[in-house]
K.L.:
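This is the structure I want to talk about, given as structure tokens.
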Amino acid sequence: MVRTKIVSPFPKQFSDRQWARYVKQGRELVEEESSLQFRLGDLSLKMVEHSPRSVGRGVFLVLDRYADTIGINVHTLMNYRHVAHAWPPDKRVAGTSWSVHQALSALPDRFEVILNPPEGKDRWTEDAALSRAGRLPHRPLTKDEKLDRVKTLMREDESASEAVESLIQRPDVAHRVMSNPSNQRILYRAHHEQRQEAAAARFAAAHEPNLEDTEDGSGLAYEQSDEPTAQEQVRRREPAVDYQRASSEVLELIGSGTTFLVDLQRMIPGLHVSEFTEREVRAVLDNHRRIRAALDWCDSALSTGDKSMDDELARILSEGDDEP
């Protein structure tokens, strides 16, 4: 290991000599603690030898009773046992804490790794060892480590949604998130799918049989008006669909179209057309031409089964028709 001179990071409070003395005393105490932890682990291995036959409930029962008797948590003792088994006495590195040994214990090449601290360091820290083992450090420093910590804390959807909701209320954060085109597509897709589901549900509700039009238990039909209701007109105009059995593709097509219709019915009466510039009107009309072309393509595919796209259609859908 590379030995470097200990320099006080707080020169106004501690001289280099004072800081070095405190560091020396602290390391000695940590080494004593590590020795005790290894000794307890070794003792548990002596009591119940580690072998395929000894692994299981029987070991836990023995060590659970033993841990209670000596006044230690059984899971702490089991952890000492695991680390002691992973690091035979002749492989343990003096001056390196038990916590570092624990962090590296799962690595197949741990005996070599522990002898080679990170570049520029004379010894391993626990966080450095955790990072080397592919685990989250207790004190994340790099951007990736911080993101990993956040992902771990927000594994539950409810917690994640509440955290995101809180964050996007910060204008600077919301602006940075929405400046990423990928994030824009993700949020638009999620919003669009919600609108499709809502529109499909409204469409299905409008096509459910009217219970008032059915016969009662006596076999007599309810009295009906000669004039068709708006719901009956919709039912006559649209083909019946079994929404319980229809495929997701059918529901998606119907939902997408219904969403478009519902949105237009909501928007058109409130349009301030007089405020539109000629360029804006041209852009909207151009977009509608592409929509009509896409609808014709869809109708053709549904009628003939041919889903191919000719060059002109591809040009219209990808680039748009810029002619006025």
Side-chain angles (χ1 to χ4, degrees), residues 157 161 164 177-178 180-214 224-225 227-324:
D157 290 346
S161 62
V164 172
V177 170
M178 292 309 298
N180 186 329
S182 177
N183 293 336
Q184 293 175 15
R185 288 192 293 270
I186 292 172
L187 293 174
Y188 173 80
R189 184 162 56 248
H191 179 58
H192 183 62
E193 289 173 355
Q194 287 181 335
R195 292 167 60 194
Q196 283 186 331
E197 291 173 1
R202 291 195 298 269
F203 187 86
H207 288 70
E208 289 180 353
N210 189 343
L211 297 180
E212 296 181 356
D213 293 343
T214 60
Q224 299 182 18
S225 170
E227 292 296 326
T229 64
Q231 185 176 357
E232 289 171 339
Q233 291 176 351
V234 172
R235 189 179 300 120
R236 293 175 185 175
R237 191 166 56 246
E238 298 288 347
V241 174
D242 186 345
Y243 289 92
Q244 298 297 323
R245 298 183 180 180
S247 69
S248 60
E249 291 181 345
V250 170
L251 294 178
E252 189 173 357
L253 281 172
I254 293 176
S256 179
T258 304
T259 298
F260 181 67
L261 290 174
V262 170
D263 285 346
L264 286 183
Q265 291 175 21
R266 174 180 57 81
M267 293 174 59
I268 292 175
L271 289 179
H272 299 83
V273 179
S274 60
E275 299 177 5
F276 291 7
T277 65
E278 291 186 6
R279 184 174 182 180
E280 290 170 341
V281 171
R282 208 162 45 241
V284 173
L285 294 177
D286 178 63
N287 195 42
H288 286 177
R289 277 191 289 272
R290 291 200 296 273
I291 292 172
R292 292 189 189 96
L295 287 174
D296 290 341
W297 179 32
C298 183
D299 290 348
S300 175
L302 291 173
S303 301
T304 66
D306 181 8
K307 297 174 287 185
S308 61
M309 180 189 301
D310 59 35
D311 293 340
E312 180 63 17
L313 176 60
R315 184 192 69 79
I316 293 175
L317 295 183
S318 61
E319 300 178 3
D321 183 5
D322 296 329
E323 294 298 324

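Just so you know, residue 1 is the first one in the sequence shown, and it goes up from there.
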K.L.:
Using side-chain hydrogen bond (donor to acceptor under 3.5 Å, both in side chains) as the criterion, list what pairs up with Glu275, not counting sequence neighbours.
P.N.:
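With sequence neighbours excluded, Glu275 shows a side-chain hydrogen bond (donor to acceptor under 3.5 Å, both in side chains) to no residue whatsoever.
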K.L.:
Answer yes or no: is there an ion pair linking Asp286 with Arg290, defined by an N-O contact shorter than 4.0 Å?
P.N.:
yes
K.L.:
Excluding sequence neighbours, so at least two apart, what forms side-chain hydrogen bond (donor to acceptor under 3.5 Å, both in side chains) with Asp296?
P.N.:
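Residues passing side-chain hydrogen bond (donor to acceptor under 3.5 Å, both in side chains) with Asp296: none at all.
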K.L.:
Between Thr277, Leu285, Val284, which is the residue that forms a side-chain contact (heavy atoms from CB on, under 4.5 Å) with Val281?
P.N.:
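In the set Thr277, Leu285, Val284, the residue that makes a side-chain contact (heavy atoms from CB on, under 4.5 Å) with Val281 is Leu285.
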K.L.:
So does Arg292 get a backbone contact from the side chain of Trp297, meaning a donor-acceptor N/O pair under 3.5 Å?
P.N.:
no
K.L.:
Looking at OG1 of Thr258 and CG of Leu253, how far apart are the two atoms once the value is rounded to the nearest 0.5 Å?
P.N.:
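If I round to the nearest 0.5 Å, the distance is 10.0 Å.
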K.L.:
What's the shortest heavy-atom distance between Pro269 and Arg266, and which atoms?
P.N.:
CD-O, 3.8 Å
K.L.:
Do other residues, nucleotides or ligands put more than 12 heavy atoms under 6.0 Å from Asp299 CG?
P.N.:
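Check passes, neighbour count above 12.
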